Amino acid sequence: MTRSGAAQGAVDAALASASSTAPAGTDAQPKKWVSAVTSRVSTKWIGGTATVLILGATAAFGGLGAVPEPPLPEVAAGDTFTGAGWEMTPQRAVLIDELNETGVRPKEGERLLVVVMDVTNVDDAARQSSSSAEGSLSAIRVEDAPDIAPMIARYDDTTLYPWLQPGVPAQLVLTWAIPASGFAGGDDIRVALPTATEYTGEFFVYGEYWDDEQIGAHATLPLDDVGAGVEE
């Protein structure tokens with residue numbers, strides 16, 4: 001008889017012995033059966049089996065409890081949030097009748113919602129602030145405003161869709177045309193700031209790119225109505 005055959009015979013003999021000696025109507029048989037098997041089976045196997053059984057029972061009664069999502073960071077004017085390779089520091093928000101330098105022309109019944117923000121590109125290559133690709137500043141939105149990308153210009157020279165060099169801060173003006181009745185001076189607005197993950201392309205995609213874009217933080221800014229012109 002081989003060694004495996006001998007081991008199997010020992011298990012069979014132990015089971016037969018447990019079965020023949022158990023009094024009728026008692027639970028001695030299952031206890032001895034477990035004892036006979038576990039004495040010859042690795043405890044690691046038993047632990048893994050127990051885990052499977054526990055998870056199976058948990059699934060049968062509704063699964064494991066969901067872990068609540070942590071709340072998104074909340075920032076105020078002058079606070080910095082870093083996401084998608086940008087350091088974004090919202091400074092102020094204004095309502096204005098028109099501001100041609102922003103590149104946005106309000107229609108009748110509209111005004112301009114303008115957010116002034118300090119931004120630094122913390123990536124290692126120059127990036128355009130406004131782009132249809134994920135991870136750009138075009139993903140910034142204002143809650144309860146039209147869900148469209150802002151027009152982006154530099155504050156100092158009014159360049160539209162500016163490129164930002166690595167590590168060089170720039171003050172940007174983000175502008176939306178909104179219904180004139182949408183907001184009023186003294187309101188607080190919530191600005192959704194984006195985050196994204198940078199990937200390195202493989203196979204058919206080359207270089208680095210940003211993906212998995214989502215809201216990373218909210219900035220709350222008081223809204224100042226400056227009427228027909230910006231007050232410095």
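Quantities reported herein were computed from a predicted structural model and do not represent experimental measurements. By convention here, the first residue in the shown sequence is residue 1.
- With values rounded to the nearest 0.5 angstrom, R92 atom CZ is found 9.5 Å from D224 atom CG.
- Both Y161 and L112 sit in one connected hydrophobic cluster of ILVMFWY residues. Membership requires side-chain heavy atoms under 4.5 Å apart, directly or through other members.
- Note that CG of L193 is 5.5 Å distant from CD1 of I140, once rounded to the nearest 0.5 Å.
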Output, in order, the C-alpha distance, side-chain angles, deciding distance and verdict of side chain to side chain contact (heavy atoms under 4.5 Å, CB included) for D212 and Y199.
CA-CA 10 Å; D212 301 332; Y199 294 94; 2.3 Å; yes
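- To the nearest 0.5 angstrom, H218 atom NE2 is 4.5 Å from R190 atom CZ.
- Scanning all heavy atoms of the two residues, the minimum distance from G216 to L72 falls at O-CD2, 3.9 Å.
- For the pair V119/R154, no side-chain contact is recorded, criterion being any heavy-atom separation below 4.5 Å from C-beta on.
- By the 4.5 Å heavy-atom criterion applied to side chains, S129 and L137 are counted as neighbours.
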Donor-acceptor list for residues 75-84 side chains, cut-off 3.5 Å, not counting sequence neighbours:
from	atom 1	to	atom 2	distance (Å)
D79	OD2	A76	N	2.9
T80	OG1	T89	OG1	2.6

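- For Q171 and D156, the side-chain atoms include no donor-acceptor pair closer than 3.5 Å.
- Counting heavy atoms from C-beta on, the side chains of V191 and P90 never come closer than 4.5 Å.
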Residues 177-187 side chain polar contacts: donor-acceptor under 3.5 Å, at least two apart:
from	atom 1	to	atom 2	distance (Å)
D187	OD2	A184	N	2.8

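- Nearest approach of P169 to G167, heavy atoms of both residues: CD-O, 3.5 Å.
- Contact of the N121 side chain with the Q165 side chain is not registered, since no non-hydrogen atoms from C-beta on lie closer than 4.5 Å.
- Between V114 and V173, the shortest heavy-atom distance links the atoms CG1-CG1, 3.3 Å.
- With a 4.5 Å cut-off on side-chain heavy atoms, T197 and D211 do not count as touching.
- By the criterion of side-chain heavy atoms lying less than 4.5 angstrom apart, applied directly or through intervening Ile, Leu, Val, Met, Phe, Trp or Tyr residues, V142 is not grouped with V116; the two fall into different hydrophobic clusters.
- Using a 4.5 Å cut-off on side-chain heavy atoms (C-beta onward), P194 and E134 make no contact.
- Looking at M151 and L160, their side chains come closer than 4.5 Å, going by heavy atoms from C-beta outward.
- Listed for the W176 side chain is a donor-acceptor partner under 3.5 Å among the backbone atoms of I148.
- A side-chain donor-acceptor contact under 3.5 Å links S138 to the backbone of S131.
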Less than 3.5 Å apart, which donor and acceptor atoms pair up between the side chains of residues 95-104 and the rest of the protein, not counting sequence neighbours?
from	atom 1	to	atom 2	distance (Å)
D97	OD1	R111	NE	3.0
D97	OD1	R111	NH2	2.9
T102	OG1	L99	O	2.7
T102	OG1	V104	N	3.3

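- By the 4.5 Å heavy-atom criterion applied to side chains, D123 and P166 are not counted as neighbours.
- Listed here is the closest heavy atom pair of T159 and P162: O-CD, 3.7 Å.
- Tracing side-chain contacts under 4.5 Å through hydrophobic residues (I, L, V, M, F, W, Y), one reaches Y155 starting from V226; they form part of the same cluster.
- In this structure, the side chain of R127 engages the main chain of G135 through a donor-acceptor pair within 3.5 Å.
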